Amino acid sequence: MPEHESDRRQAPPSLKGADWLERPETQAVFDALAVGEVETRVVGGAVRNALLGLPVTEMDLATTAEPEHVMALARHAKLKAIPTGIDHGTVTLIADGTSFEVTTLRRDVETFGRHAQVAFTTDWEEDARRRDFTLNALYADRDGTVFDPLGGYADLAQGRVRFIGDAEERIKEDYLRILRFFRFSAYYGTGEFDEAGLRASVRLLAGLEQLSAERVGGEMRRILVAPRALDGIAALFDYGLLTDVLGGVPRLDDFGRLVAIEETACLGDNPARRLAVLAVFIDEDAPRLAARLRLSNAEQSVLVLGGERSGDTGLPEETRAKELLYRLGEGIYPSFVLIAWARAGAPPDDAGWGAALALPQRWQAPAFPLRGTDIADLGRSGPEIGEALRRLERDWIGGGFAEDREQLLVRATALVS
Ligand code: ATP
Ligand code: MG
C-alpha cells in the first residue's frame, strides 16, 4: 500500500477532556481495572465517532486483563459484571446504569464463521489486526491519548473504509463483514467504495447464506438509514448482492425519492419505511422480508404499507387523509404518506404532500363514541353488533367525524330497529 504509506504518519489528535471519558461511570470502570500492569483502552466506535466529532452513545473497552480477572476486579469495585461472552473474552460491566463491553485483547487463531477460537494476548497490535476495518482499530486511554497501530486515523480522516489485511481472508472468517463493509462505507466513507472490499464481497457473496436472519437484519436496518443510504443500497445492487439479501426486486428510484423527501423533512430514522419503498411491491413481499431480516411486529406493520392491500397511493384529499390518520394512528400515518409520496414521484418540496404529512399537527383523530355494549343494549347480539358498529363508524367518518355520542345513538336505534 505505498500510496498510503505517507499518511500513516498522520497522528490522531488527543481526545483529552471528552465528556464521555470524564463521566464518573466511565472513570469508575477505568478505576476498577487499574491494577498492576493491566492496561485498558476504549476501542472502536466510540473513538472513531469522537474523532469525527459525532456523539458517543456506547463504549467498548479493550483490556489486557483476562476475563475472569475482569470479573473479579469489577466485583471488588462493586460494579455489576455479566459474563456476556466470557469464552471469547467479553464481560459487560455496569456502572451507574451504563453498560460497558469489556473485551480482553485477543488474536483470532482459527475461525468457523463468527465462532472464532481465541487466544488472549497483551499485544495491542495483535488485537487491532483481528478487527474488521482500519478505522475501527483505534484506541483511546483514559487520558484521551489515541493509539493507532494500523494507520486507521488517516483512513478515517479521508473517508476510506478498508479491511485490515486481505479482504477475502477477512470475509471468509466472518461473512457478516460483507454487510459491515457496506454499512461502514455508507456511514463513514466519502467517494467510491473501496475496490478491494467490493471485489472480495462479490467473489464471496454466496457466504451471506450462512448468516442468521437476525445478523443480516441488524446490518440491513443500519444501511437503510445511513447518511449515504442510497449509495450503500445502490452499491449492494450494482454488485449483485441486494437481490440475494432481499429475495426480490428492489426499486431504487422510489427509494432515492424517499430518502430525499425524508432528508428535507428531517425524518430519516425508520428502516422499515425505507424497506417498504425499496422492496415491498406485492403483498407477499412483506412476510418474506420480515422472515429474512427478522423484523419486529412494529416494523412489519410499517412494511405492509408498501403492498397493494394498503390501498390507493395518490395524494389523499383532506377527508381521505383524516380517515387514514384515524384508521392507521399517529405512529403509522406518516409512513403511509411518505411511502405514497415517494411512489407518486412528487418532489420533496411538494406543498400538497407536505400538508398531508403535517395533518397530525393540525388535527387529532377523535375516538369513535360508540361501543359494542351500546348496540347490545338495543337488543342485538353476535356478529350483528360488529356489523352495525362498522356501518355506523363508516358513516361517521364520511360525515367528517362530526356526530357526537347522542346523535350516533339515535342513528344506531334507527339502524337496528
Ligand atoms: P457501532 O457500535 O456504531 O456499530 P462499532 O465500531 O462500535 O460501531 P461494534 O459492532 O460495536 O461496532 O463493534 C466494536 C468493535 O469490534 C468494532 O469497532 C470492531 O473493531 C470490532 N468488531 C465488531 N464486529 C466485528 C466483526 N464482525 N469482525 C471484526 N471486528 C469486529
Ligand atoms: Mg459499538
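Everything numeric in this text was worked out from a predicted model, so none of it was measured. Counting starts at 1 for both ligands and their atoms, following the listed order.
- Annotation: atom 31 (C) of ligand 1 to nearest protein heavy atom, D132 OD2, 3.6 Å.
- Remark: distances from the non-hydrogen atoms of R48 to ligand 1 include one below 4.0 Å.
- Counting non-hydrogen atoms of neighbouring residues, nucleotides and ligands closer than 6.0 angstrom, the CZ atom of R288 exceeds 12 such neighbours.
- Listed by atom number, the atoms of ligand 1 under 4.0 Å from R183 heavy atoms are 1 (P), 4 (O).
- With hydrogens left out, the protein atom closest to atom 23 (C) of ligand 1 is R180 NH2, 3.1 Å, a heavy atom.
- For ligand 1, the atoms lying closer than 4.0 Å to a non-hydrogen atom of R130 are 29 (C).
- Counting protein heavy atoms only, atom 2 (O) of ligand 1 is closest to E58 OE2, 3.0 Å.
- Not a single heavy atom of R170 sits under 4.0 Å from any atom of ligand 1.
- Scanning the protein heavy atoms around atom 16 (O) of ligand 1, the nearest turns out to be R131 NH1, 3.3 Å.
- Residues F368 and W396 bring their aromatic ring centres within 6.0 Å.
- For D60, every heavy-atom contact with ligand 1 shorter than 4.0 Å involves the side chain, none the backbone.
- Annotation: the span from R131 atom CZ to L138 atom CG amounts to 10.5 Å, rounded to 0.5 Å.
- In this structure, P271 and V225 approach most closely via the heavy-atom pair N-CG1, 3.6 Å.
- To the nearest 0.5 angstrom, L150 atom CG is 11.0 Å from L135 atom CG.
- Ligand 1 is approached by D174 to a heavy-atom distance shorter than 4.0 Å.
- In summary, R177 and D132 do not engage in a salt bridge, as defined by a charged side-chain N under 4.0 Å from a carboxylate O.
- The atom of D60 that is an N, O or S and sits closest to the Mg ion (ligand 2) is OD2.
- For E58, the N, O or S atom closest to the Mg ion (ligand 2) goes by the atom name OE2.
- Set against the non-hydrogen atoms of R222, the atoms of ligand 1 under 4.0 Å away are 1 (P), 3 (O), 4 (O).
- Proximity annotation for atom 7 (O) of ligand 1: of G218, A137, G45, G45 comes nearest, heavy atoms only.
- Within the listing of ligand 1, atoms 18 (O) sit less than 4.0 angstrom from a heavy atom of G44.
- When hydrogens are left out, the protein atom nearest atom 28 (N) of ligand 1 is R177 NE, 2.8 Å; that is the closest non-hydrogen contact.
- Under a cut-off of 6.0 angstrom, the local environment of CD in Q361 is crowded, with over 12 non-hydrogen atoms contributed by other residues, nucleotides or ligands.
- Heavy-atom neighbours of R362 CZ from other residues, nucleotides or ligands within 6.0 Å: above the threshold of 12.
- Assignment of E173 to the shell around ligand 1 is not supported, since no heavy atom sits closer than 4.0 Å.
- Residues I332 and S301 meet the side-chain proximity criterion, which asks for heavy atoms closer than 4.5 Å.
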Please report the C-alpha distance between V47 and F147 in whole Å, then the side-chain angles of each, then the deciding distance to 0.1 Å, and finally whether the side-chain contact (heavy atoms from CB on, under 4.5 Å) criterion is met.
CA-CA 10 Å; V47 182; F147 297 85; over 6 Å; no
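- Scanning both residues, F182 and L241, for their nearest heavy atoms gives CE1-CD2, 4.2 Å.
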